[in-house]
S.K.: 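Here it is, the structure in full.
Quick note on labels: first sequence line is chain A, next is B, and so on, each numbered from 1.
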Protein chains: 2
Amino acid sequence: MSTEFDLEQFLPYRLSLLSNRISSEIAESYRDSHQINISEWRIIAVLGQYPNSTATELKHYTAMDKVGISRALKNLTQRQLVTSENHEHDGRARKLMLTPAGNHLRTEVIPKVSACEQKLTSVLTKTEIRQFGEIIDKLLHD
Amino acid sequence: MSTEFDLEQFLPYRLSLLSNRISSEIAESYRDSHQINISEWRIIAVLGQYPNSTATELKHYTAMDKVGISRALKNLTQRQLVTSENHEHDGRARKLMLTPAGNHLRTEVIPKVSACEQKLTSVLTKTEIRQFGEIIDKLLHD
DNA sequence: ACATTATAGTTACAAATGAAACTATGTTGT
DNA sequence: ACAACATAGTTTCATTTGTAACTATAATGT
């Protein structure tokens, strides 16, 4: 019968629970110690990987919307964790990069979030961790 | 080196992407046709399973906070999808239940969200679907 | 060249969310 | 009985978030 439906067995619901729980646990690891939120952390992480990105490129890498990026960048720039330069070929865009302080924060946070991830996956076998990653990829890329 | 960190490979980040994408896709399937949001849908789904629940019990089943539940219930009650009675043993609590209209909405939405779930998992093999569920359970219950 | 349309990014406003204070009822200890 | 504390649920207020409008620059078509 289609009138039977068990929310707690519904995969999207369980996925949402899991993701929210993990995200807030990880966010704790830089919120209290470094006063940054998830959006700001994502931008810092990406600018470490891809310096001189524009906001539009950040949008692509972080899956955030442009308003969220603009706001996070405003804060990060005020706090001198991020700085910017004119873009050579496009007067509308800015090239963004971490300041030394921003880069320092990044190197402090990386081990914390990595430890979180490891603690999290420590209840899984190596095989399960691999499977989990593969399944997520399949679902993300369809 | 701990200064290497690839956001797009970071499991919690990918999980968050996946969960958000799936949640909004499913939310579409009742938002436009039935004008309810995720919180409201969760409450309707649970009240179908567990009629006469109190708000506190809903909190347990839906993983929502009590403010969100109170607000969702206010809307649902105004729209006459949910109704309530005094609780026999506790004057502070109310017993909540779906109205016929609420129940009807539920039976209309269930096949839609189930189809969504099926479409979603259709890129996975039966084995992968089982593995995925087991891994999520492990992670949720540690 | 210039009008049209598209894109980069910001701002303004509205809706959603969360934390804390609040009301009302219930429970516990003396 | 009654004081102290705990719990059910709501409301208030501040913060966050999303949508739409906006400015500025770039690209396109005639």
Side-chain angles (χ1 to χ4, degrees), chain A residues 16-17 19-21 23-28 30-32 35-43 46-47 50 52-79 82-97, chain B residues 16-17 19-21 23-28 30-32 35-43 46-47 50 52-79 82-97:
Chain A
S16 167
L17 281 195
S19 171
N20 291 340
R21 190 180 302 178
S23 286
S24 31
E25 191 175 329
I26 291 180
E28 252 184 65
Y30 43 73
R31 189 194 55 212
D32 298 338
Q35 284 77 50
I36 54 173
N37 61 30
I38 294 183
S39 300
E40 289 158 359
W41 165 244
R42 284 184 181 173
I43 285 174
V46 167
L47 285 182
Y50 306 106
N52 302 316
S53 296
T54 64
T56 300
E57 286 162 348
L58 286 183
K59 183 180 153 191
H60 171 252
Y61 290 127
T62 61
M64 296 166 57
D65 72 8
K66 63 181 182 175
V67 180
I69 291 184
S70 175
R71 288 197 265 243
L73 283 173
K74 191 175 175 185
N75 286 334
L76 293 171
T77 303
Q78 274 171 199
R79 293 176 55 193
V82 167
T83 186
S84 61
E85 295 177 359
N86 291 332
H87 193 285
E88 296 88 338
H89 309 303
D90 192 334
R92 299 166 300 181
R94 309 270 311 158
K95 291 195 311 185
L96 300 156
M97 60 218 68
Chain B
S16 167
L17 280 195
S19 171
N20 291 340
R21 190 179 302 178
S23 286
S24 31
E25 191 175 330
I26 291 180
E28 252 184 67
Y30 44 73
R31 190 194 54 212
D32 298 338
Q35 283 77 51
I36 54 173
N37 61 30
I38 294 183
S39 301
E40 289 159 358
W41 165 244
R42 283 185 182 173
I43 286 175
V46 167
L47 285 181
Y50 306 107
N52 302 316
S53 296
T54 64
T56 300
E57 286 161 349
L58 286 182
K59 184 180 155 193
H60 171 252
Y61 290 128
T62 62
M64 296 167 57
D65 72 8
K66 63 180 183 175
V67 180
I69 291 185
S70 175
R71 287 197 266 243
L73 283 173
K74 192 175 175 184
N75 286 333
L76 293 170
T77 303
Q78 273 172 199
R79 293 177 56 194
V82 167
T83 186
S84 62
E85 295 177 359
N86 291 333
H87 192 285
E88 296 89 339
H89 308 305
D90 192 334
R92 299 166 300 180
R94 308 271 310 158
K95 291 196 309 184
L96 299 157
M97 59 220 66

S.K.: How far apart are the closest heavy atoms of Ala72(B) and Ile43(B), and which atoms are they?
M.R.: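 Reported closest heavy-atom pair: CB-CD1, 3.6 Å.
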S.K.: Whole angstrom is fine here: how far is it from NZ in Lys59(A) over to C1' in dG18(D)?
M.R.: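 In whole Å, dG18(D) C1' and Lys59(A) NZ are 13 Å from each other.
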S.K.: Nearest of dG9(C), dA8(D), dT25(D) to any side-chain atom of Asp90(B)?
M.R.: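 For Asp90(B), the side-chain atoms sit closest to dA8(D).
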S.K.: What is the separation between atom CD1 on Ile69(B) and atom P on dT17(C), rounded to the nearest whole Å?
M.R.: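 Whole-Å distance recorded here is 13 Å.
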S.K.: To the nearest angstrom, how far is Arg94(A) atom CZ from dA26(D) atom P?
M.R.: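 Between P of dA26(D) and CZ of Arg94(A): 13 Å.
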S.K.: What heavy-atom pair brings Arg42(A) and Thr62(A) nearest, and what distance separates the two atoms?
M.R.: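 Answer, listing the atom of Arg42(A) first, then Thr62(A): NH1-O, 3.7 Å.
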S.K.: Using a cut-off of strictly less than 4.0 Å, decide whether Ser70(B) has a side-chain nitrogen or oxygen near OP1 or OP2 of dG9(D).
M.R.: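 No, because none of the side-chain N or O atoms of Ser70(B) sits under 4.0 Å from OP1 or OP2 of dG9(D).
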S.K.: Distance check: side-chain N/O of Thr54(A) vs OP1/OP2 of dA8(C), anything under 4.0 Å?
M.R.: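 For dA8(C), neither OP1 nor OP2 has a side-chain N or O of Thr54(A) closer than 4.0 Å.
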S.K.: I need the CG-C1' distance between Leu96(B) and dA8(D), as an integer number of Å.
M.R.: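 My rounded result for the distance is 11 Å.
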S.K.: Distance check needed: dA20(D) P versus Asp65(A) CG, whole Å only.
M.R.: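 Roughly 12 Å, once rounded to whole Å.
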S.K.: Which residue pairs pass the salt bridge (Lys or Arg N to Asp or Glu O under 4.0 Å) test with at least one member in residues 85-95 of chain A, sequence neighbours excluded?
M.R.: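 The answer is Glu85(A)-Lys95(A), Glu88(A)-Lys95(A), Asp90(A)-Arg92(A).
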S.K.: Between dT23(C) atom C1' and Lys66(B) atom NZ, what is the distance in whole Å?
M.R.: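 One finds 12 Å between C1' of dT23(C) and NZ of Lys66(B), rounded.
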S.K.: Quick one: the side chain of Arg71(A) and the base of dG9(C), do they pair up donor-acceptor inside 3.5 Å?
M.R.: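 Answer is no: no donor-acceptor pair is held.
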S.K.: Looking at every heavy atom in both Ser16(B) and Ser19(A), which two are closest together, and how far apart are they?
M.R.: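 Taking Ser16(B) first and Ser19(A) second, the nearest heavy atoms are CA-OG, 3.3 Å.
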S.K.: Rounded to the nearest 0.5 Å, how far does OG1 of Thr83(A) lie from CG of Leu96(A)?
M.R.: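 One finds 8.5 Å between CG of Leu96(A) and OG1 of Thr83(A).
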S.K.: With nearest nucleotide decided by heavy atoms, which residue, Lys95(A) or Val67(B), maps closer to the 5′ end of DNA chain C?
M.R.: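 Looking at the nearest nucleotide for each, Lys95(A) comes out on the 5' side.
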S.K.: Rounded to whole angstroms, how far apart are CZ on Arg31(B) and C1' on dA15(C)?
M.R.: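 Rounding to the nearest Å, CZ of Arg31(B) and C1' of dA15(C) are 14 Å apart.
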S.K.: From the list dA12(C), dG9(D), dG9(C), which nucleotide is the closest neighbour of the side chain of Ala55(A)?
M.R.: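 Within the option list, the nearest is dG9(C).
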S.K.: Starting from the 5' end of DNA chain C, give me the residue, Leu73(A) or Arg92(A), whose nearest nucleotide shows up first.
M.R.: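 Whichever sits nearer the 5' end wins; that is Arg92(A).
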S.K.: Asn75(B) CG to dT10(D) C1': how many Å, rounded?
M.R.: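 Whole-Å distance recorded here is 14 Å.
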S.K.: Pick the nucleotide of DNA chain D nearest each of Gly68(A) and Gly91(A); which residue has the one closer to the 5' end?
M.R.: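 Result: Gly68(A).
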